[in-house]
Amino acid sequence: MLEEIKKIQGINHTEFDSMITIWINSAKLDLKSIGIVNALIDNNPDDLIKTAIITYVLSFIDVPNSEMYAQSYRLQKDKLRHISAYIDSNGI
């Protein structure tokens, strides 16, 4: 996912890789905190989860559009938590 985000932002160096990786991990933890199934996040995430994670990261990287991305992430997260296939029925 790191390379996808770098491509979206036109980043062609490794200077920000560690920070982007931290944001990717933060997004994953945030999704897990609302009850999204860990395996869906960690093991080859589908397009809905990938889009949410990428949007979360873009809310930090793309400063001029950060509020737009943050709002989009909140909406995506809300949608995910209302789809039963994504929710961990055994609790968080």
Enumerate donor-acceptor pairs with a distance under 3.5 Å from any side-chain N or O in residues 8-18 to protein atoms, sequence neighbours excluded.
residue: His13; atom: ND1; partner: Glu15; partner atom: N; Å: 3.2
residue: Asp17; atom: OD1; partner: Lys6; partner atom: NZ; Å: 3.0
residue: Asp17; atom: OD2; partner: Lys6; partner atom: NZ; Å: 3.4

What residue pairs, at least two apart or across chains, pass salt bridge (Lys or Arg N to Asp or Glu O under 4.0 Å) with a residue in residues 50-71?
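Every pair satisfying salt bridge (Lys or Arg N to Asp or Glu O under 4.0 Å) with a residue in residues 50-71: Glu4-Lys50, Glu67-Arg74.
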
Ignoring hydrogens and angles, state whether a donor on the side chain of Gln76 or Thr55 is under 3.5 Å from an acceptor on the partner side chain.
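There is such a pair (donor and acceptor under 3.5 Å, judged by atom type) between the side chains of Gln76 and Thr55.
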
Any luck finding a side-chain donor-acceptor pair between Asp78 and Tyr73 under 3.5 Å?
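Distance-only check fails for Asp78 and Tyr73.
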
Can you check whether [X] reaches [Y] side chain to side chain, under 4.5 Å on heavy atoms?
| X | Y | value |
| --- | --- | --- |
| Pro45 | Met1 | yes |
| Val57 | Ile20 | yes |
| Thr21 | Leu2 | yes |
| Asp42 | Lys32 | yes |

Do Leu75 and Ile87 sit in one hydrophobic cluster, given that two such residues count as connected whenever their side-chain heavy atoms are within less than 4.5 Å of each other, even indirectly?
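Different hydrophobic clusters.
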
Which value, rounded to the nearest 0.5 Å, describes the distance between [X] atom [atom1] and [Y] atom [atom2]?
| X | Y | atom1 | atom2 | result |
| --- | --- | --- | --- | --- |
| Ile53 | Ile5 | CD1 | CD1 | 8.0 Å |
| Ile36 | Leu80 | CD1 | CG | 5.0 Å |
| Ile54 | Asp47 | CD1 | CG | 9.0 Å |
| Leu29 | Ser26 | CG | OG | 6.5 Å |

For the pair Asp46 (side chain) and Ile49 (backbone), establish whether a donor and an acceptor sit closer than 3.5 Å, ignoring hydrogens and angles.
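Yes, the answer is positive, given that a donor and an acceptor are paired below the 3.5 Å cut-off.
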
Quick check against the 3.5 Å criterion: does Ser66 have a side-chain atom that pairs as donor or acceptor with the backbone of Val63?
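It does hold such a pair.
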
What are the two closest heavy atoms between [X] and [Y], and how far apart are they?
| X | Y | answer |
| --- | --- | --- |
| Ile34 | Leu31 | CG1-O, 3.1 Å |
| Ala70 | Ser59 | N-CB, 3.6 Å |
| Val37 | Ala85 | CG2-O, 4.4 Å |

Describe, in one word, how the ring planes of Phe60 and Trp23 are oriented to each other, choosing from parallel (under 30°), tilted (30 to 60°) and perpendicular (over 60°).
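Correct class here is parallel.
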
